[in-house]
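Accompanying notes for the structure given below.
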2 protein chains.
Amino acid sequence: MEHKKVTIYDLAREAGVSTATVSRVIAGNYPVSQGTREKVQQIIDHYNYHPNALARTLSNKKSKLIGFITPAITNPFFSQVFVEVEKSALEKGYSVLLGNSLNDREIEARYIRMLLEQQAEGIILLGGLINDSNPDLERVQELIAIQKRTKLVMINGSVEGMGNCSISTDEAAGMRLIIDHLVRQGHRKIGLIGGVKGITTTDIKVSTFKAELKKHQLIFRKSWQCYSEYSIEGGEDGFKQLMSLNKEVPTALIGINDMVGVGMIKASKRYPNQHFAFVGFDDTSLAQTSSPELTSVRHPYEELGKRAIEMMEANAKAQHVMLAPSLVVKESTVKSINRV
Amino acid sequence: MEHKKVTIYDLAREAGVSTATVSRVIAGNYPVSQGTREKVQQIIDHYNYHPNALARTLSNKKSKLIGFITPAITNPFFSQVFVEVEKSALEKGYSVLLGNSLNDREIEARYIRMLLEQQAEGIILLGGLINDSNPDLERVQELIAIQKRTKLVMINGSVEGMGNCSISTDEAAGMRLIIDHLVRQGHRKIGLIGGVKGITTTDIKVSTFKAELKKHQLIFRKSWQCYSEYSIEGGEDGFKQLMSLNKEVPTALIGINDMVGVGMIKASKRYPNQHFAFVGFDDTSLAQTSSPELTSVRHPYEELGKRAIEMMEANAKAQHVMLAPSLVVKESTVKSINRV
DNA sequence: CTGTTAGCGCCTTCAT
DNA sequence: ATGAAGGCGCTAACAG
């Protein structure tokens, strides 16, 4: 660990050239004669020299660093998106600094400050602060302030009236896929469980749910839709509530996300005589580990990550892109599915 | 976004003081008169000034940045550890740069280079390259080279003969907890499924498993222990193999980790007439989302994160700490457990 | 308490 | 193709 730092000065001296030349061979894209290039390169290798990225950024203003802030990296949905963002970033030569805000506004703010101070070239926001249907003013101000200093891209969320970029999955379309599938399976009594009113993605799903039922001439029964946390427990509670409140229950139940879907499946095991179809949302790893495996709406994860990075790089402003999801059908809605 | 960068020079000019003074009020821990401090602070606020962390680090050599490299952040075990590391780091004023190597040595190497160039004060390794029981020489050389440039801490893994620091869970103790528990539940026929021979953590578990069986005077039957991938599929395959190879099967099955445990549970549903007890390892979120919920060995996650950061800060060398795990008993081994 | 002045390590014109 | 030199923004002696 006590390796005296070697700098381009040392290399230059040793090679008998100027620091500028060394810098050029490191950058690679400058005219340097074959001979000197090789000599310098050799010395670089010999010292196992690593350029100081900080000094470089200080000088040329390109940190090649982007920040990614999310409330819970342990949540499979968030981590799957993160991984795709990271991949795309790597391809373009960026590093990603992950900030896990733990749903705490202070930590979130702290990460943002940190990223700004690290000269991040952009910040990507996923979940958390960007998902309120009616964000409080203070929050918006905060975001606008950030935007003055760095590029801001939101994934699956956006805030009214601040010309930022965002990339999202068309969750309304996802809901339509679900209803179509269930109807095609013969279901006419469908319920929707979970989510928090006022959170954009939930609001979209609920309103689309209602509209689709109407379109298919199915009735929307108020007690067949209830809110709850975005968690396994939320799903269990929602299911219990549904069962206790109704004498007539749905034959198919949609969870606002996979966790809720899995929670419902767990809770339903107490009613071995009744059969339900279950659907989730996000198609996270959870949807594959549950049994039965959970039919779910899949985000175009890879595309989401790619576009987020592209938007970061582009200097277009206020661009909102929406991507189509797909439905991944599994055992929870179709019994006879063969595992591959 | 086009906010002309304001520097301490601007602030100094505006406040009619020197840059040193501005720097002092920012640092906070230097003597500055009440009056000037307030004046400067006011100007800082007014400009919504953020110091350039790179310039600072370049000057004072403290990046307050640490790197964390893991092969798959989508794996709940790794992400749970990461979160705890991050928390502890935050508390001590560090930021954590996450590198997700996707089990690819090149990406891993690239992250390491990146972190070195970003002047990370330390690198924490979890999983991946540090888990071979017999690491190839090249790899060790690599690690040693890194160690010359920055502090290296390994979590749940270590490499022979390079005086680094490591912090691990005592997985042998974990295996003992499992066997004790199963024996107490009356099991005398126990199997162990999953893992890859040559990976340290697996080797430890397998050899302890054998030793414990002997201690309890239970026989170790070769066909009741098999290797497989660390995945749901691995668990399913292992279980199928077990069922097809034996006429007499164990009553209790241990998975090398939770994924394997859950995979076995899934596969076992094809044998509704036979009852098995299942145990997993790591007590990740998977162990709670499965049904039945999976009894599992829990790592002291928080402590693991805390110690890792402490080790990073300390300049002690070659310290290996081992922490005791605990057994979290759930439905998969004790039917009558009441959910809390 | 506060100002002056070197760096920190690298990049980038501008000459040569 | 290569060298000289200023500058990026901040900190840390060293004076005063």
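- Side-chain proximity of A:T21 to C:dT2, D:dT2, D:dG9: nearest is D:dT2.
- Here D:dC10 is the nucleotide among C:dT2, D:dC10, C:dC10 with the atom lying nearest to any side-chain atom of B:T7.
- The local environment of CD in B:E313 is crowded, with over 12 non-hydrogen atoms from other residues, nucleotides or ligands closer than 6.0 Å.
- In this structure, CD of B:Q119 is placed 9 Å from P of C:dG9, rounded to the nearest angstrom.
- Across C:dT2, C:dG7, D:dA13, the shortest atom-to-atom separation from the side chain of B:A20 is found for D:dA13.
- Salt bridge A:R113/A:E108: absent, no basic N to carboxylate O contact under 4.0 Å.
- If you check the side chains of B:Q34 and B:E38, you find a donor sitting under 3.5 Å from an acceptor.
- Between B:R24 atom CZ and C:dC1 atom C1' there is a gap of 8 Å when expressed in whole angstrom units.
- Ring orientation note: the planes of B:F77 and B:H299 are tilted relative to one another, at an angle of 30° to 60°.
- In this structure, B:S59 does not reach the D:dA12 phosphate: none of its side-chain N or O atoms is under 4.0 Å from OP1 or OP2.
- The distance between atom NE2 of B:H50 and atom P of D:dG9, rounded to the nearest whole Å, is 16 Å.
- Atom CD of A:E117 is surrounded by more than 12 heavy atoms from other residues, nucleotides or ligands within 6.0 Å.
- Summarising the geometry, the separation between CG on A:L58 and C1' on D:dG9 is reported as 6 Å, rounded to the nearest angstrom.
- Whole-Å rounding puts the B:E117 CD to C:dC8 P distance at 20 Å.
- Mapped onto DNA chain D by nearest heavy atom, A:V32 and B:Y9 fall at different nucleotides, with A:V32 at the one closer to the 5' end.
- To the nearest angstrom, P of C:dT2 lies 9 Å from CZ of B:R37.
- The main-chain N or O of B:Q119 is found under 3.5 Å from a side-chain atom of B:S63 such that the two form a donor-acceptor pair.
- Listed nucleotides: D:dT11, C:dT2, D:dA1. Nearest to the side chain of B:S23: D:dT11.
- Side-chain nitrogen and oxygen atoms of A:S18 include at least one within less than 4.0 Å of the OP1 or OP2 phosphate oxygen of D:dG3.
- Using a cut-off of 4.0 Å between Lys/Arg side-chain N and Asp/Glu carboxylate O, A:E121 and A:K64 are scored as not salt-bridged.
- Distances were taken from every side-chain heavy atom of B:I8 (C-beta onward) to each of D:dC10, D:dC8, C:dC10; the shortest belongs to D:dC10.
- Residue A:H46 places its NE2 atom among 12 or fewer non-hydrogen atoms of other residues, nucleotides or ligands, all under 6.0 Å distant.
- Between the base of C:dC1 and the side chain of B:Y30 there is no donor-acceptor pair shorter than 3.5 Å.
- Of the candidates C:dC1, D:dG3, C:dC10, C:dC10 carries the atom nearest the A:A55 side chain, counting heavy atoms from C-beta on.
- Rounded to whole angstrom, the span from the CG atom of A:L116 across to the P atom of D:dG9 amounts to 15 Å.
- For A:R56, whose side chain is taken as the heavy atoms from C-beta onward, the closest listed nucleotide among C:dC10, C:dG7, C:dC1 is C:dC10.
- Picking from D:dC8, D:dG3, C:dC10 the nucleotide with the shortest atom distance to the side chain of A:Y49 gives C:dC10.
- For the OP1/OP2 pair of D:dG9 and a distance below 4.0 Å, the side-chain nitrogens and oxygens of A:K61 include at least one atom meeting the criterion.
- B:S59 contributes no side-chain N or O that, together with a main-chain N or O of B:A55, makes up a donor-acceptor pair within less than 3.5 Å.
- Here D:dA1 presents its P atom at 15 Å from CD of A:E38, a figure rounded to the nearest Å.
- Only at 4.0 angstrom or more do the heavy atoms of residues 39-46 of chain A sit from any atom of DNA chain C, so none qualifies.
- In the set D:dT2, C:dC11, D:dT11, the nucleotide with an atom closest to the side chain of A:P31 is D:dT2.
- Proximity note for B:T36 (side chain, C-beta onward) versus C:dT2, D:dT2, D:dG9: the nearest is C:dT2.
- No contact: A:V22 has no heavy atom under 4.0 Å from any strand.
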